[in-house]
Amino acid sequence: MLKTEGIVLKELRYRDTSKILSVYTKKYGKISIMARGAYRPKSQMIANSQPFSYNDYQLYKGKNFFYITQGDILDSFYSIRERIERVTYGYYMLELIDKSLPEEQENEKIFKLLIKGLKVLSFLDKDYLKFIVAYELKFISFLGYKPYLDKCVVCGSLNKKDIKFSVYEGGIICEKCVIEDPFSISINEELYKAMYNLLYTPLEDIFNIIMSNDLIYKLHDIAVEYILYSIDRKKFNTLDLIKTLE
């Protein structure tokens with residue numbers, strides 16, 4: 001018997017009454033859980049087997065799946081479902097976890113970041129894209145690919161004028177080292193400061209940072225490209241929905 005907290009990332013119907021859940025847990029990372037009878041009208045597992053649901057699970061491990069013996073809701077994050085923007089950005093946060101992490105690889109920092117991110121999102125009614133860029137930068141850092149912003153990632157130069165961001169090198173590069181990555185992205189001082197601030201400012205405080213929408217869009221494009229390259233993926237499906245909101 002195992003006990004752990006977990007957040008439901010996605011659900012898949014299994015036969016008539018059951019679900020296979022992808023759950024990100026505190027102790028065991030991402031795992032597949034069989035929720036037997038979760039589609040029955042009077043099932044106690046209806047609420048704690050839905051995406052975004054944060055639960056305290058008691059499990060046992062079978063041959064192919066973990067199985068729920070008990071699930072107690074810690075937070076349903078119900079208010080996320082009250083606005084289309086919250087739902088859309090929330091599903092993107094869940095997809096980041098699902099696409100970036102292999103099965104059963106524990107990462108408590110990302111688990112705590114996801115909980116904090118969902119709590120902030122639950123009450124958000126503006127600045128959604130600014131929030132998600134800050135989340136993306138923190139997420140990729142906790143995944144082990146923190147963007148190197150203090151000095152040139154190639155030569156160590158402290159000169160931050162005429163710099164670019166290299167997705168392939170994982171940080172800023174100076175004008176002398178651009179030859180190392182001809183596809184690096186030009187960033188001005190304003191863009192650099194915005195990236196730095198969003199990376200190092202707590203999620204709940206980023207709304208005090210003033211920046212233009214154009215700047216946020218550029219940062220989002222850079223962050224997505226960097227994440228996809230780092231995890232060796234081509235796209236995130238939920239980004240198509242985010243573009244319709246924008």
Side-chain angles (χ1 to χ4, degrees), residues 80 83-96 99-100 113 116-118 120-143 145-153 157-175 177-178 181-231 233-246:
I80 288 178
R83 295 182 69 107
I84 185 62
E85 295 90 350
R86 293 175 189 167
V87 173
T88 305
Y89 283 96
Y91 271 116
Y92 174 52
M93 292 163 66
L94 300 185
E95 188 182 8
L96 278 174
K99 291 282 181 68
S100 302
L113 176 68
K116 177 181 273 192
L118 293 176
V120 174
L121 181 64
S122 295
F123 300 98
L124 212 58
D125 57 10
K126 61 178 182 178
D127 291 333
Y128 292 101
L129 195 60
K130 185 197 292 186
F131 160 77
I132 212 65
V133 172
Y135 184 88
E136 288 168 332
L137 292 171
K138 291 169 172 54
F139 175 82
I140 196 62
S141 297
F142 292 159
L143 201 60
Y145 303 99
K146 185 177 181 180
Y148 200 68
L149 302 179
D150 293 329
K151 51 190 175 181
C152 176
V153 69
S157 170
L158 293 172
N159 183 14
K160 296 188 178 69
K161 292 183 178 180
D162 298 319
I163 58 173
K164 293 187 175 185
F165 184 86
S166 171
V167 167
Y168 308 109
E169 297 290 345
I172 59 171
I173 55 176
C174 65
E175 57 180 340
C177 297
V178 166
D181 179 12
F183 300 103
S184 55
I185 305 163
S186 294
I187 59 174
N188 57 26
E189 185 177 0
E190 186 182 17
L191 192 65
Y192 168 80
K193 287 182 177 179
M195 181 184 290
Y196 190 95
N197 288 335
L198 290 179
L199 174 59
Y200 289 105
T201 302
L203 276 178
E204 61 271 26
D205 296 330
I206 61 151
F207 308 103
N208 298 321
I209 302 173
I210 306 301
M211 60 183 69
S212 67
N213 287 335
D214 186 54
L215 207 61
I216 296 170
Y217 290 136
K218 289 179 181 177
L219 281 175
H220 178 53
D221 289 341
I222 292 172
V224 170
E225 186 177 348
Y226 182 48
I227 293 172
L228 288 172
Y229 175 78
S230 299
I231 66 173
R233 293 274 185 175
K234 291 185 177 180
K235 66 175 293 186
F236 293 113
N237 295 327
T238 44
L239 285 179
D240 293 334
L241 294 175
I242 287 177
K243 287 179 181 178
T244 63
L245 292 179
E246 295 171 5

- Task: List the atom of M93, the atom of G117, and the distance in Å for their closest heavy-atom pair.
- Result: CE-C, 3.5 Å

- Kindly indicate whether the side chain of D181, heavy atoms from C-beta on, has any atom under 4.5 Å from the side chain of K164. no

- Compute the centroid of each ring, for Y226 and then for F165, and state whether the two points are separated by less than 6.0 Å. yes

- All heavy atoms of S141 vs all of K146, minimum pair found to be OG-CG, 3.4 Å

- Plane angle bin for Y192 and Y196 - parallel if under 30°, tilted between 30 and 60°, otherwise perpendicular: tilted

- Message: Could you measure the distance from the CG atom of L191 to the CD1 atom of I222? Nearest 0.5 Å is fine.
- Response: 5.0 Å

- Item | Working for side-chain contact (heavy atoms from CB on, under 4.5 Å), residues L215 and K193 | CA-CA 11 Å; L215 207 61; K193 287 182 177 179; over 6 Å; no

- Message: With a 4.5 Å cut-off on side-chain heavy atoms, are F207 and V120 touching?
- Response: yes

- Inter-residue atom distance R86.CZ - F123.CZ, 0.5 Å rounding: 8.0 Å

- Item | K138 side-chain N/O to L199 backbone N/O, donor-acceptor pair under 3.5 Å | yes

- Message: Can you confirm whether Y89 sits close enough to L124 that some side-chain heavy atom of one is under 4.5 Å from a side-chain heavy atom of the other?
- Response: no

- Item | Rounded distance [0.5 Å steps], OG in S212 versus CD in E190 | 5.5 Å

- Over all atoms of both residues, closest heavy-atom pair of C174 and I163: CA-CG2, 4.4 Å

- Listed partners of K235 passing side-chain hydrogen bond (donor to acceptor under 3.5 Å, both in side chains), at least two apart: D240

- Query: Do you know which two heavy atoms are closest between I173 and V178, and how far apart they sit?
  - Reply: CD1-CA, 3.9 Å

- Query: Which class fits the ring pair F236 and Y92: parallel under 30°, tilted 30 to 60°, perpendicular over 60°?
  - Reply: perpendicular

- Message: Quick one: does any side-chain atom of R233 pair with a main-chain N or O of L228 as donor and acceptor, under 3.5 Å?
- Response: no

- Task: Drop me the distance from E85's CD to K126's NZ, to the nearest 0.5 angstrom.
- Result: 14.0 Å

- Shortest non-hydrogen pair, L137 vs M195, comes out as CD1-O, 3.7 Å

- Beyond-backbone contact of Y91 with L241, side-chain heavy atoms, under 4.5 angstrom: no

- Message: Just checking K218: does its NZ atom have more than 12 heavy atoms from other residues, nucleotides or ligands closer to it than 6.0 angstrom?
- Response: no

- Does NZ in K160 sit with more than 12 non-hydrogen atoms of other residues, nucleotides or ligands closer than 6.0 Å? yes

- Nearest heavy-atom approach of A194 to M211 is CB-CE, 3.7 Å

- Query: Checking E95 side chain against T238 main chain: does a donor-acceptor pair fall under 3.5 Å?
  - Reply: yes

- Task: Measure up the Y229 and Y168 rings against each other and bin them: parallel (under 30°), tilted (30 to 60°), perpendicular (over 60°).
- Result: perpendicular

- Around E204, counting heavy atoms of other residues, nucleotides and ligands shown, do more than 12 lie under 6.0 Å from its CD? yes

- Task: First locate atom CG of N208, then atom OG1 of T201, and finally report the distance between them rounded to the nearest 0.5 Å.
- Result: 9.0 Å

- Query: Atom CD1 in I209, atom CG in N197: separation rounded to 0.5 Å?
  - Reply: 5.0 Å

